[in-house]
Asks: 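So that we are looking at the same thing, I have put the structure below in C-alpha cells.
What you see is a predicted model, and the numbers here were worked out from it, not measured in a lab.
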Amino acid sequence: MNEQSGGNCAVIALSGKIDSGNAAQTEQQIMDQLAGKQPSEVVLNADALEYISSAGLRVILRLKQKYPEVRIINARPEVYEILEITGFTEMMPVGKAYRVVSVEGCKLIGEGYSGRVYRIDRETVVKVYKNAVDPEEIRQGQEISRLALVLGLPTAISYDVVRVGDSYGSVFELLNARSFAEVLAEEPERLDWCVKEYVGLLKKVHSIVAPKGKLPSIKKCAVEKAESIKDDLPDGLGEKLLHMICRIPESDHLTHGDYHTKNIVLSGDEVLLIDMDNLSTGHPIFELAQMYKSFVGFSEYNPEIVHEFQGYPADIAREFWKRSRDSYLAPLSELEIEEIEEKVRCVAYAELIEWKKRSGSLDSEEDRATMKLWRDNLVSLLRKHDSLLIDLPALEAE
C-alpha cells in the first residue's frame, strides 16, 4: 500500500486481500498516510486489490466518515461486484478497471481530429483517443450513440471502454466493415453509389428532431469560433461575420458534426454512421461547412492533405463534395447552389482560421500560406454577402 498526492487529492493504492485478518492493520496504514493532511478527496486505487470482505468494507465506511469525498478507481470485476451488491456504488463513485488492449500491428482504418480507429480483429474496432480523455467522457459519448440509435440512426454502439497505452479507447463491433473512404480509394467507379448513400443518410440525420436539452447546439460552437477570430479580420468584417452567424436560426434537428467518408461505413449490406462525439442540433449550414472543410478546405492550398487524411486523391474528394452538395440541395438551380456554397464557405473558413490559430501551427511557409488563402477567401466572401441565411429544400430521407 502506498499514497500519492495529486494537488489536494490523496491517492492510496490497495492490494492483495483485505479481510478480518488484516483490516485493522490496513486501516491504520491508511490513517498513518493521511495523518496531518486535509485532502479535498481521497482516491482508493483498487487495481491490485483481489478481494475485500465486510471487515474491509467497514474500513472504507469509517474512512468516508472522516473524509466525505472518497472515490474508488480501477476496481477489478470481482471486487466491483462486491461493492455493487453491498451498495457501495451508490454511496460513492466506483470506477471499474479497464481491459488493456494493444493496437500494435493493427490496421489503422480511420483517423479524425479526436482519435484513430484500428481494426482489432475481424469483428471489432477500437477508437483510440489522441488525448488521455477522462473515461467518463467516453461513456457520455456512448450514451449519445445510444440516443442516436433510439432516434432511428443506423450506428454502431460501443460496448466497452478500454485502456490503450497511456490513453483510452472505445470498442465497437463492426463485422467486415469498410469505410466509404476505403471504398472510394479502392473502387472509385462506385462514386455515384457512395454519393447516393451518403446524401440519403445525411438527409435522414437532418430530418430527426432531438429531445429537448439532450444535445449541444452546433451554432453555439460556431459563434464562439467567430468571436475568437473577429479581430483578425480587417474593416470590421469580423464583427460582420459574428453578426451573420448569430442570425442563423437555431434548430432542434440533428447534425452529426463530422460527416465525412471515414465516418460512414459499409458493414455487410448495411450503411452505418459512426463517431457520434460531435452529435448536436442545429441548422444544416454548419454541417455543410464541416463537409466543405473535409473535402476541400483543409487541402485547398495543398491537395495532398486530403489524400493523406481520406486515402483518395483530391480530385475525387472535390467531385464527391460537388455531387453530394448538388444532390442534397436538389432541385435548386445551379445559381442558387453556388450562392449557398459561398455562404457555407464563410462558416467553413471562419472555423478553419480559428482551428489554425488555436493549434498555433504557423511556423512553416505552407502553414502561413494556407492561413492567408483562407483569410483572403473569407474577406472576399464577407464583402460580397450581407447574410448567411439560406433557403433549403424540404428534407426527405432518400
Asks: If the threshold is 4.0 Å, N to carboxylate O, is there a salt bridge linking D232 and R375?
Replies: no

Asks: Which distance, rounded to the nearest 0.5 Å, do you find between the OG of S228 and the NZ of K225?
Replies: 9.0 Å

Asks: Is the W374 ring parallel, tilted or perpendicular to the W355 ring (thresholds 30°, 60°)?
Replies: tilted

Asks: For atom NZ of K96, is the number of surrounding heavy atoms from other residues, nucleotides or ligands below 6.0 Å larger than 12?
Replies: no

Asks: Is a donor from one side chain sitting under 3.5 angstrom from an acceptor on the other, for E336 and S333?
Replies: yes

Asks: Does R119 reach the main-chain N or O of R122 with its side chain, forming a donor-acceptor pair under 3.5 Å?
Replies: yes

Asks: Under the salt bridge (charged side-chain N to carboxylate O under 4.0 Å, His left out) rule, what do E187 and R190 come out as? Steps first, then yes or no, please.
Replies: CA-CA 6 Å; E187 304 174 74; R190 297 186 70 184; 3.7 Å; yes

Asks: Is a donor from one side chain sitting under 3.5 angstrom from an acceptor on the other, for H206 and E287?
Replies: yes

Asks: Could you go through the salt bridge (charged side-chain N to carboxylate O under 4.0 Å, His left out) check for D252 and K212 one step at a time?
Replies: CA-CA 7 Å; D252 55 4; K212 188 174 180 61; over 6 Å; no

Asks: Testing L83, V70, I73 one by one against V94 for a side-chain contact (heavy atoms from CB on, under 4.5 Å), which residue passes?
Replies: L83

Asks: Can you tell whether the side chains of K127 and D277 come within less than 4.0 Å, N to carboxylate O?
Replies: yes

Asks: Between R146 and E143, is the salt bridge (charged side-chain N to carboxylate O under 4.0 Å, His left out) condition met? List the steps.
Replies: CA-CA 5 Å; R146 293 187 184 98; E143 289 303 315; 2.7 Å; yes

Asks: Could you name each residue pair satisfying side chain to side chain donor-acceptor pair (under 3.5 Å) that touches residues 40-58, not counting sequence neighbours?
Replies: E41-R71, N45-N74

Asks: Quick one: does Q290's side chain get under 4.5 Å of H260's, heavy atoms only?
Replies: yes

Asks: Would you check if there is a donor-acceptor pair between the side chains of D367 and S364 at a distance under 3.5 Å?
Replies: yes

Asks: Tell me whether K262 is salt-bridged to D275, with the criterion being a basic N under 4.0 Å from an acidic carboxylate O.
Replies: no

Asks: Check for me whether K219 meets the cation-pi criterion with F286, that is, NZ or CZ under 6.0 Å from the six-membered ring centre and within 45 degrees of the ring axis.
Replies: no

Asks: Any heavy-atom pair between the side chains of V128 and V126 that's under 4.5 Å?
Replies: yes

Asks: Which is it for S380 and N377 under the side chain to side chain donor-acceptor pair (under 3.5 Å) test, yes or no, and what are the steps along the way?
Replies: CA-CA 5 Å; S380 176; N377 286 346; over 6 Å; no

Asks: Are L273 and I264 packed together at the side-chain level, in the sense that at least one heavy-atom pair is separated by less than 4.5 angstrom?
Replies: yes

Asks: For the residue pair V271 and V265, establish whether any side-chain heavy-atom pair is separated by less than 4.5 Å.
Replies: no

Asks: Checking E186 now: which residues fulfil salt bridge (charged side-chain N to carboxylate O under 4.0 Å, His left out) with it, not counting sequence neighbours?
Replies: R178

Asks: Within this structure, what is the CD-OG distance for the pair Q310 and S179, rounded to the nearest 0.5 Å?
Replies: 8.0 Å

Asks: Does R163 count as lying over the ring of Y168, i.e. NZ or CZ under 6.0 Å from the six-ring centre, within 45 degrees of the axis?
Replies: yes

Asks: Ring-plane angle category for F295 and F320, please: parallel below 30°, perpendicular beyond 60°, tilted otherwise.
Replies: tilted

Asks: Sub-3.5 Å donor-acceptor pair from the side chain of D121 to the main-chain atoms of T124, do we have one?
Replies: yes

Asks: Check whether any side-chain heavy atom of L34 sits under 4.5 Å from a side-chain heavy atom of V42, and report yes or no.
Replies: yes

Asks: Is it the case that the side chain of K293 and the backbone of G297 share a donor-acceptor pair, with hydrogens and angles ignored and the cut-off at 3.5 Å?
Replies: no

Asks: For K356, is there any backbone N or O sitting under 3.5 Å from a side-chain donor or acceptor partner on S359?
Replies: yes

Asks: Considering only heavy atoms from C-beta outward, does the side chain of L151 approach that of P211 to under 4.5 Å?
Replies: yes

Asks: Looking at E334, I want to see if its CD is surrounded by more than 12 non-hydrogen atoms of other residues, nucleotides or ligands under 6.0 Å.
Replies: no

Asks: Among side-chain atoms of R318 and S299, is any donor-acceptor pair under 3.5 angstrom?
Replies: yes

Asks: Is there a salt bridge (charged side-chain N to carboxylate O under 4.0 Å, His left out) between D192 and K196 once you walk through the steps?
Replies: CA-CA 6 Å; D192 283 337; K196 181 178 182 299; over 6 Å; no

Asks: Once the angle between the rings of Y198 and Y259 is folded into 0 to 90°, is it parallel (under 30°), tilted (30 to 60°) or perpendicular (over 60°)?
Replies: tilted

Asks: Between D235 and K240, is there a salt bridge with N-O shorter than 4.0 Å?
Replies: no

Asks: Exactly one of L184, L191, V183 should register a side-chain contact (heavy atoms from CB on, under 4.5 Å) with Y312. Which one does?
Replies: L184

Asks: I'd like to know if R76 and E81 make a salt bridge, using a cut-off of under 4.0 Å between side-chain N and carboxylate O.
Replies: no

Asks: Less than 4.5 Å apart, any side-chain heavy atom of P154 and any of L201?
Replies: yes

